[in-house]
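One structure is given below, encoded as structure tokens.
Values reported hereafter were calculated over all heavy atoms of this structure, with side chains retained and with hydrogens, waters and symmetry mates removed.
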Amino acid sequence: MTDAPTGVTDVDKWDRGMTERIIALTRPIVKRYFRSEVRGLDNMPPGPSLVVANHSGGMLTFDLSVFAVDYYDTYGYERPLYALAFDTVFAGPAADFFRRTGVIRATRENAARALDAGGVVLVFPGGDFDVYRPTLRENAIDFDGRTGYISTAMEAGVPIVPAVSIGGQESQFFLSRGQWLSRLLGLTKFERKFFRTNILPITFGFPFGLSVLAPVNIPLPTKIVTEVLPPIDLAAVGVAADVKRLDAHVRWVMQKGLQALAAQRHFPILG
């Protein structure tokens with residue numbers, strides 16, 4: 001494989017043909033196994049926007065696939081969907097594959113390029129902290145104080161489109177993020193340096209039962225529902241350029257949306 005030409009960025013590597021093939025392969029998984037629904041896509045503004053979502057499902061999360069299938073089925077492939085991901089995703093041989101399907105390194109520069117190109121950028125600000133939240137707090141919006149998404153949207157002059165999802169955290173039992181265990185084993189500094197995390201998640205699922213990060217259990221066929229909420233114009237919120245207050249407002253809107261979804265859910269896994 002030859003190196004990419006000088007000046008080619010992660011954003012430039014998006015490949016429509018490959019993305020269409022991956023969407024075709026993942027559609028049966030999210031629509032049949034997870035019976036996924038994405039509601040409110042008509043709330044997407046016509047231009048570039050930053051979609052801010054909660055994250056669920058542990059290591060085998062399907063949040064991106066659930067959203068991407070319905071997004072492309074609704075809007076086609078003229079306006080690419082990019083998803084921001086940690087550097088560790090690009091450490092292996094699949095790095096080029098991820099970039100070609102719109103998964104790009106989570107940097108402000110990449111987000112700005114994608115938005116400037118007219119794309120839609122999906123970000124999960126809570127990252128690993130959110131995706132491994134305990135089952136008892138599955139309906140809580142908590143980004144662990146991460147507010148970079150606010151600055152990204154402000155600098156690009158684009159609206160934030162909140163999206164909340166329910167069901168993914170029912171794919172197994174998430175017992176603890178395991179931050180205490182990471183500290184106890186003296187792994188915190190190592191994990192932060194190499195993996196940008198300080199958690200050692202403890203879960204219980206099928207077929208391995210109790211798992212501390214690994215082995216990875218198979219997600220149960222839980223019904224996943226995502227609700228896209230009306231866009232938020234940060235300039236019109238009325239708290240000037242106060243990043244923390246803007247972040248609090250976005251999370252408040254998302255918390256209300258997630259609670260509304262939870263009120264409609266009758267049974268775990270079944271939906």
Side-chain angles (χ1 to χ4, degrees), residues 19 22-23 25-41 43-44 49-74 80-86 88-89 94 98 101-106 111 114 119-135 137-144 146 149 160-172 174 177 197 199 201 203 205 216-229 250-251 254-255 257-258 261-262 265 268-269 271:
T19 302
I22 294 303
I23 291 297
L25 289 172
T26 55
R27 187 182 290 108
I29 299 174
V30 300
K31 290 301 179 185
R32 297 176 186 172
Y33 190 79
F34 294 110
R35 295 159 290 138
S36 67
E37 296 180 36
V38 179
R39 306 168 182 169
L41 273 169
N43 282 318
M44 294 290 299
S49 59
L50 186 69
V51 178
V52 177
N54 62 316
H55 212 11
S56 304
M59 185 177 295
L60 298 181
T61 174
F62 278 83
D63 287 335
L64 171 57
S65 297
V66 165
F67 185 84
V69 166
D70 278 63
Y71 172 83
Y72 282 120
D73 284 353
T74 301
L81 172 67
Y82 297 95
L84 302 182
F86 283 140
T88 49
V89 171
F98 286 125
T101 54
V103 180
I104 58 179
R105 288 176 299 118
V120 170
V121 175
L122 174 61
V123 59
F124 302 100
D128 58 342
F129 184 84
D130 195 14
V131 83
Y132 282 110
R133 67 189 181 280
T135 296
R137 288 183 53 79
E138 64 177 325
N139 296 326
I141 299 294
D142 188 349
F143 296 158
D144 194 29
R146 301 167 189 176
Y149 72 97
I160 282 178
V161 181
V164 292
S165 182
I166 195 168
Q169 216 63 4
E170 298 170 6
S171 63
Q172 59 183 304
F174 293 87
R177 293 185 178 96
T197 186
I199 68 173
T203 65
V216 180
N217 285 303
I218 299 172
L220 296 175
T222 179
K223 181 174 177 59
I224 298 177
V225 178
T226 299
E227 181 89 33
V228 180
L229 306 174
V250 172
R251 287 186 290 106
M254 293 179 68
Q255 188 63 65
L258 186 55
L261 280 183
R265 200 167 182 88
I269 301 177

So, do [X] and [Y] sit near enough that their side-chain heavy atoms are less than 4.5 Å apart?
{"X": "E227", "Y": "P162", "result": "no"}
{"X": "Y33", "Y": "P28", "result": "no"}
{"X": "V52", "Y": "M254", "result": "yes"}
{"X": "V38", "Y": "V66", "result": "yes"}
{"X": "I141", "Y": "L258", "result": "yes"}

Donor + acceptor pair across side chains of R133, S56 (<3.5 Å): yes
Evaluation steps, side chain to side chain contact (heavy atoms under 4.5 Å, CB included), between I166 and R265: CA-CA 9 Å; I166 195 168; R265 200 167 182 88; 3.8 Å; yes
Taking all atoms of both residues into account, what is the closest heavy-atom pair of [X] and [Y], and its distance?
{"X": "L84", "Y": "A111", "value": "CD1-CB, 4.2 Å"}
{"X": "V164", "Y": "L261", "value": "O-CD1, 3.7 Å"}
{"X": "A53", "Y": "P125", "value": "O-CD, 3.5 Å"}
{"X": "F174", "Y": "G168", "value": "CE1-O, 4.4 Å"}
{"X": "I29", "Y": "F62", "value": "CG2-CE2, 3.8 Å"}
{"X": "A140", "Y": "D130", "value": "O-OD1, 4.4 Å"}

Side chain to side chain contact (heavy atoms under 4.5 Å, CB included) partners for V120, two or more places apart: M44, S49, V51, Y71, R79, L81
Counterpart residues, side chain to side chain contact (heavy atoms under 4.5 Å, CB included), relative to T61 (two or more places apart): H55, D63, V131
Carboxylate-amine/guanidinium contact D70 K31, below 4.0 Å: yes
[atom1]/[X] to [atom2]/[Y] distance, rounded to the nearest 0.5 angstrom?
{"X": "T26", "Y": "F34", "atom1": "OG1", "atom2": "CZ", "value": "11.5 Å"}
{"X": "L60", "Y": "S171", "atom1": "CG", "atom2": "OG", "value": "8.0 Å"}
{"X": "N217", "Y": "Q172", "atom1": "CG", "atom2": "CD", "value": "5.0 Å"}

Ring centres under 6.0 angstrom apart (Y149, F143): yes
Chi angles and distances behind the salt bridge (charged side-chain N to carboxylate O under 4.0 Å, His left out) call for R251, D142: CA-CA 8 Å; R251 287 186 290 106; D142 188 349; over 6 Å; no
Stacked cation flag R105 on F86, 6.0 angstrom / 45 deg: no
Side chain to side chain contact (heavy atoms under 4.5 Å, CB included) between L41 and F67, intermediate numbers included: CA-CA 10 Å; L41 273 169; F67 185 84; 4.2 Å; yes
Mark yes or no for whether [X], through its side chain, and [Y], through its backbone, hold a donor-acceptor pair below 3.5 Å.
{"X": "R35", "Y": "P221", "value": "yes"}
{"X": "T222", "Y": "G167", "value": "yes"}
{"X": "N54", "Y": "S165", "value": "yes"}
{"X": "T101", "Y": "F98", "value": "yes"}
{"X": "K223", "Y": "S36", "value": "no"}
{"X": "E170", "Y": "I269", "value": "yes"}

Full working for salt bridge (charged side-chain N to carboxylate O under 4.0 Å, His left out) between R146 and D128: CA-CA 12 Å; R146 301 167 189 176; D128 58 342; 3.3 Å; yes
Candidate pair L122 and L64, rule side chain to side chain contact (heavy atoms under 4.5 Å, CB included), full reasoning: CA-CA 8 Å; L122 174 61; L64 171 57; 3.6 Å; yes
Sequence-distant partners of Y132, ring pair (Phe, Tyr, Trp, His ring centres under 6.0 Å), two or more places apart: none
